[in-house]
Amino acid sequence: MVAVCCEMVLCDDGSEAVVRVSTVDRDLKVILDEFVKPNKPVSDYRTDVTGLTAQDLETASTLSVTDLQEKVGKFLSWNTFMVGHFLNHDLNALKMDHARKIDTSLVFKYEYSGGPSKPPRPSFDNLCKSIFGYQVQGAPHKANAVMQLVLAIVKFGITTSIPLTEELELEMLKAEESLKLSVQAKSKPFIP
């Protein structure tokens, strides 16, 4: 198993650019941690999520996506599981795919028993807070945490249900109420 985490920034043209790629093996050893200088002007470094600033990328290498594919590909074989959180987002950024994937955003679910709307997939922050009791930031730490989550399921059989946060539960209740009002408004006959 190899955990992959990509950090992305928002570019001036609205696209995203990969600025850091980290991979961790099943022994929780960092086997790749590359900073990449984006080839477009950056409008938002998403520091609150990535932990990165413009200064972090000043000395970054000028690797291409092809270079990153080769570096990540060295750790993958046909029988290797690639592990990540919202893994397809990272794979799209790397313009690659892999047959064997474990995506913790799909494996873990919020405990929820009612209402017409189902909760969204758990964010990485909510997942880490729920399972580990703290927030994780930075690509190598995120890749490590994702691997730990998968290993905890495989080795120890931890539950994959996590409690809904109060904030998310309130958002869902508001959405359900809004949906009810919308349905009621549509079902009333129009009288000119």
Side-chain angles (χ1 to χ4, degrees), residues 1-9 16-36 38 46 48-52 56-57 60-61 63-112 118-165 168:
M1 281 193 293
V2 173
V4 175
C5 181
C6 294
E7 298 289 6
M8 265 89 66
V9 295
E16 289 186 318
V18 178
V19 291
R20 188 175 192 180
V21 179
S22 297
T23 59
V24 172
D25 66 14
R26 73 174 296 131
D27 297 320
L28 306 178
K29 180 181 158 215
V30 176
I31 53 178
L32 175 70
D33 188 24
E34 288 282 346
F35 286 91
V36 183
R46 298 175 173 162
D48 57 323
V49 176
T50 66
L52 300 174
D56 294 321
L57 300 178
S61 61
L63 295 174
S64 68
V65 172
T66 304
D67 296 331
L68 292 173
Q69 291 169 344
E70 287 176 19
K71 286 183 175 263
V72 172
K74 287 180 184 177
F75 308 111
L76 301 173
S77 66
W78 67 271
N79 64 344
T80 304
F81 278 91
M82 183 183 270
V83 177
H85 190 81
F86 285 99
L87 187 55
N88 280 340
H89 192 222
D90 290 345
L91 289 172
N92 287 340
L94 293 171
K95 295 178 176 49
M96 62 186 298
D97 199 6
H98 188 66
R100 294 177 174 230
K101 298 176 266 204
I102 301 173
D103 188 333
T104 55
S105 75
L106 297 171
V107 172
F108 287 89
K109 306 274 188 235
Y110 285 115
E111 297 167 352
Y112 185 66
K118 67 179 198 175
R121 295 191 284 177
S123 71
F124 187 71
D125 285 346
N126 285 341
L127 186 54
C128 288
K129 285 177 193 172
S130 179
I131 303 295
F132 300 133
Y134 56 87
Q135 197 172 333
V136 176
Q137 192 174 42
H141 303 298
K142 287 180 182 176
N144 185 298
V146 167
M147 183 62 80
Q148 286 184 53
L149 288 167
V150 171
L151 290 174
I153 295 169
V154 173
K155 288 182 176 181
F156 307 113
I158 68 162
T159 182
T160 57
S161 294
I162 61 171
L164 270 176
T165 62
L168 187 56

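- Contact record, Gly51 with Asp56: O-OD2, 3.7 Å, taken as the closest heavy-atom pair.
- Taking Phe132 as the reference, Tyr134 meet the ring pair (Phe, Tyr, Trp, His ring centres under 6.0 Å) condition, with sequence neighbours excluded.
- In terms of the salt bridge (charged side-chain N to carboxylate O under 4.0 Å, His left out) criterion, residue partners of Asp33 (sequence neighbours excluded) are, by chain and number, Arg20.
- Leu127 contributes atom CG, which lies 5.0 Å from atom CD1 of Ile162 (distance to the nearest 0.5 angstrom).
- Every ring pair (Phe, Tyr, Trp, His ring centres under 6.0 Å) that Phe124 has, sequence neighbours left out, goes to His85.
- Here Arg121 pairs with nothing under the salt bridge (charged side-chain N to carboxylate O under 4.0 Å, His left out) rule; sequence neighbours left out.
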Criterion side chain to side chain contact (heavy atoms under 4.5 Å, CB included) on Phe108 and Asn126, from CA distance to verdict: CA-CA 11 Å; Phe108 287 89; Asn126 285 341; over 6 Å; no
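- Atom-to-atom distance recorded for Leu52:CG and Phe35:CZ is 5.5 Å, nearest 0.5 angstrom.
- Nearest heavy-atom pair across Asp90 and Cys5 is OD2-CA, 3.7 Å.
- If you check the side chains of Asp103 and Ser105, you find a donor sitting under 3.5 Å from an acceptor.
- In this structure Phe156 satisfies the ring pair (Phe, Tyr, Trp, His ring centres under 6.0 Å) test with no other residue, sequence neighbours excluded.
- Taking the salt bridge (charged side-chain N to carboxylate O under 4.0 Å, His left out) definition, one finds that Asp97 meets it with Lys101, sequence neighbours left out.
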Check residues 138-151 and write down every donor-acceptor pair under 3.5 Å in which the side-chain atom is one partner and the other belongs to a residue at least two apart or another chain.
unit_1	atom_1	unit_2	atom_2	d
Lys142	NZ	Glu7	OE2	3.4
Lys142	NZ	Val49	O	3.1
Asn144	OD1	Gln148	NE2	2.3

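- Listed for the Thr50 side chain is a donor-acceptor partner under 3.5 Å among the backbone atoms of Arg46.
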Please tabulate, for the side chains in residues 68-82, all donor-acceptor contacts under 3.5 angstrom to protein atoms that are two or more places apart in sequence or on a different chain.
unit_1	atom_1	unit_2	atom_2	d
Gln69	NE2	Leu94	O	2.8
Gln69	NE2	Lys95	O	2.8
Lys71	NZ	Glu34	OE2	3.2
Ser77	OG	Asn79	OD1	2.6
Ser77	OG	Thr80	OG1	2.9
Thr80	OG1	Ser77	N	3.1

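- Contact record, Leu87 with Gly84: CD1-CA, 3.8 Å, taken as the closest heavy-atom pair.
- Nearest approach of Met8 to Ala93, heavy atoms of both residues: SD-CB, 3.6 Å.
- Under the side-chain hydrogen bond (donor to acceptor under 3.5 Å, both in side chains) criterion, Arg26 pairs with no residue, sequence neighbours left out.
- Residues that satisfy the side-chain hydrogen bond (donor to acceptor under 3.5 Å, both in side chains) test with Asn88, not counting sequence neighbours, are absent from this structure.
- By the side-chain hydrogen bond (donor to acceptor under 3.5 Å, both in side chains) test, Ser64 pairs with Asp67, sequence neighbours left out.
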Ile153 vs Thr160, side chain to side chain contact (heavy atoms under 4.5 Å, CB included): CA-CA, chis, key distance, verdict: CA-CA 8 Å; Ile153 295 169; Thr160 57; 3.7 Å; yes
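- Remark: Phe86 CZ to Thr104 OG1 distance equals 8.5 Å, nearest 0.5 Å.
- Legend: residues meeting side-chain hydrogen bond (donor to acceptor under 3.5 Å, both in side chains) with Asp25, ordered by chain and number and at least two apart, are absent.
- Heavy atoms only, all atoms of each residue included: Val21 and Cys6 are closest at CG2-SG, 4.0 Å.
- When every heavy atom of Ile31 is checked against every heavy atom of Val24, the shortest pair comes out as CG1-N, 4.2 Å.
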